[in-house]
Amino acid sequence: MSKIFEAVQAMSGQGNCITIPAPYLDYFAGDPQVHLLGAILNQLVFWSGKESAQGGGWFYKEHKEMAAEIRGVNGEQVRKAVKKMITVYLDGVIFTDTRKVNGTPKMHYRVDGDALIARIFPDSLETSISTNGNGSIDESKRQYRRMETSISPNLSGNIDESYLYTDHYTEDHLQIKNTSGQPPSAADRSGDFSEEIHITDQAILVLKHLNLMTGAKYTTAKTTLENIRARLVDGNTQEELETVVEYMADRWLGTEWAKYLTPATIFHPGKFSANLLGAQAWAKAGRKSHQDNQPDDSTERDAAYRRFIGSAKPLRNPSQLELTVKAEASKAGVRGMRADFAVSRWNSIWKDCAGRVSGGKAA
């Protein structure tokens, strides 16, 4: 486990005050539950550093216990937030497994410290290697993005270091061979390469925003990020791209056009300029939802939404319309969307289902 991660463990989970390291908040920035996610990650990192009978870095923590440590939330809220954190943000970093403790199944967690550092602290740097008195190698590792270091003696008895820089959206690798025994210089790591990393980071954040707005689950494959990166290279900002995502989601969610809410369509070079102009005008006008223009009796719909998200008690005998809308909203991932878009999507589904239900009755 890296020294950096051990330092992170030392600052996490302080007993008498609730602290959330700023890099955690930066990582979850843009999510409506940014502070809850940061607090949960803080506790998981803290407990990962404690000795456990399970061994191998595994530990168990009940959701209600974590909620009591974080304060202001209940166990169910923590359960949902943990699921979101692992599936949306930290897949491959935080692992879960159900194991028995005294005969009772308990959810166990394991944090891959090095993988977490690569995600949360992507700009932390570097690897320094020195020879100690007995001729062996003392190694202090700090990851720089997706950098890995391999060390092997050459024929002259010196140390060759091969630094492998991997752009994390592609399978192509840039390898720089350094036979001087020193880490690559800033010149070796060229500004062009650093800019590539920066653009890719921004593209990934835009893609996450699209997933959050629409409930989609696009992965950071090269082809998925291609058009997003191209629009950033064109000089558009991350904020502008995210505004376009919000604008297009507001226009198309719940319509026949929803299937076109894809990175390839939204950021297509022939369509993006028009999308951006529309998004900027929409934002300037106050971001009024296109789906709020339909006059209807919203009392039943809004009450059903509150029951759907758990902020109101469920009815013993809900209407067929409410049951239908709940089923379709669950399939559409409405609970995982940002609050304002979740409401807009719910309203759209309600309107569509209401038309079908009333049409069926008429028939």
Side-chain angles (χ1 to χ4, degrees), residues 31-37 40 61-68 70-88 96 98 104-107 210-217 246 248-259 261 287-363:
D31 192 292
Q33 293 182 303
V34 54
H35 287 87
L36 176 57
L37 293 171
I40 291 173
K61 200 74 177 171
E62 294 186 351
H63 296 127
K64 62 181 181 180
E65 291 180 308
M66 208 178 303
I70 294 170
R71 312 292 177 86
V73 290
N74 57 42
E76 180 63 11
Q77 290 172 311
V78 168
R79 182 190 69 78
K80 292 178 179 179
V82 168
K83 182 179 179 181
K84 179 202 282 190
M85 178 191 300
I86 294 174
T87 57
V88 176
T96 61
T98 302
T104 304
K106 299 282 187 182
M107 179 61 73
L210 175 61
N211 285 341
L212 186 64
M213 293 299 98
T214 63
K217 296 181 180 179
E246 294 171 6
M248 300 303 292
D250 178 71
R251 290 183 63 196
W252 287 355
L253 272 178
T255 73
E256 61 181 328
W257 297 95
K259 61 186 176 183
L261 287 169
R287 297 173 175 258
K288 180 174 174 58
S289 174
H290 287 68
Q291 298 175 19
D292 287 344
N293 297 326
Q294 310 296 331
D296 61 354
D297 181 5
S298 61
T299 303
E300 180 186 359
R301 179 198 67 195
D302 295 347
Y305 177 73
R306 289 192 293 272
R307 290 190 287 271
F308 176 71
I309 63 174
S311 63
K313 292 183 178 179
L315 296 177
R316 289 187 176 181
N317 298 300
S319 66
Q320 182 59 46
L321 174 59
E322 181 173 342
L323 292 173
T324 303
V325 174
K326 285 175 66 177
E328 295 203 9
S330 295
K331 289 181 181 178
V334 171
R335 287 191 181 91
M337 297 179 187
R338 202 177 74 183
D340 51 348
F341 281 89
V343 170
S344 179
R345 184 74 174 103
W346 172 270
N347 293 349
S348 175
I349 294 173
W350 184 276
K351 179 185 175 184
D352 180 60
C353 291
R356 282 189 276 132
V357 170
S358 61
K361 289 180 178 178

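In this chain, residues are counted from 1 in sequence order.
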Below 4.5 Å, heavy atoms only, C-beta onward: do F308 and V325 meet side chain to side chain? no
Nearest 0.5 Å please: distance from the OG1 atom of T214 over to the CD atom of E246. 12.0 Å
Evaluation steps, side chain to side chain contact (heavy atoms under 4.5 Å, CB included), between E300 and W350: CA-CA 10 Å; E300 180 186 359; W350 184 276; 3.8 Å; yes
Gap separating the CG atom of N74 from the NZ atom of K80, nearest 0.5 angstrom: 8.5 Å
What's the spacing between I40 CD1 and Q33 CD if we round to 0.5 Å? 8.0 Å
Salt bridge (Lys or Arg N to Asp or Glu O under 4.0 Å) contacts touching residues 308-330 (sequence neighbours left out): R307-E322, E328-R356
From T87 atom OG1 to K217 atom NZ, the distance as rounded to the nearest 0.5 Å: 7.0 Å
Minimum heavy-atom distance R335-S330, with the two atoms named: NH1-OG, 3.4 Å
Does the R345 side chain pair with the main chain of M213, one donor and one acceptor, at a distance under 3.5 Å? no
In sequence, state the C-alpha distance, the side-chain angles, and the governing distance for I309 and W346, and then conclude on side chain to side chain contact (heavy atoms under 4.5 Å, CB included). CA-CA 11 Å; I309 63 174; W346 172 270; over 6 Å; no
Atom pair CG (N211) and CG (L261), whose distance is rounded to the nearest 0.5 Å: 11.5 Å
With sequence neighbours excluded, what pairs up with E76 under the salt bridge (charged side-chain N to carboxylate O under 4.0 Å, His left out) test? R79
To the nearest 0.5 angstrom, please state how far the CD1 atom of I349 sits from the CG atom of L253. 8.5 Å
Report the C-alpha distance between D31 and K84 in whole Å, list the side-chain angles of each, state the deciding distance to 0.1 Å, and finish with yes or no for side chain to side chain contact (heavy atoms under 4.5 Å, CB included). CA-CA 11 Å; D31 192 292; K84 179 202 282 190; 3.1 Å; yes
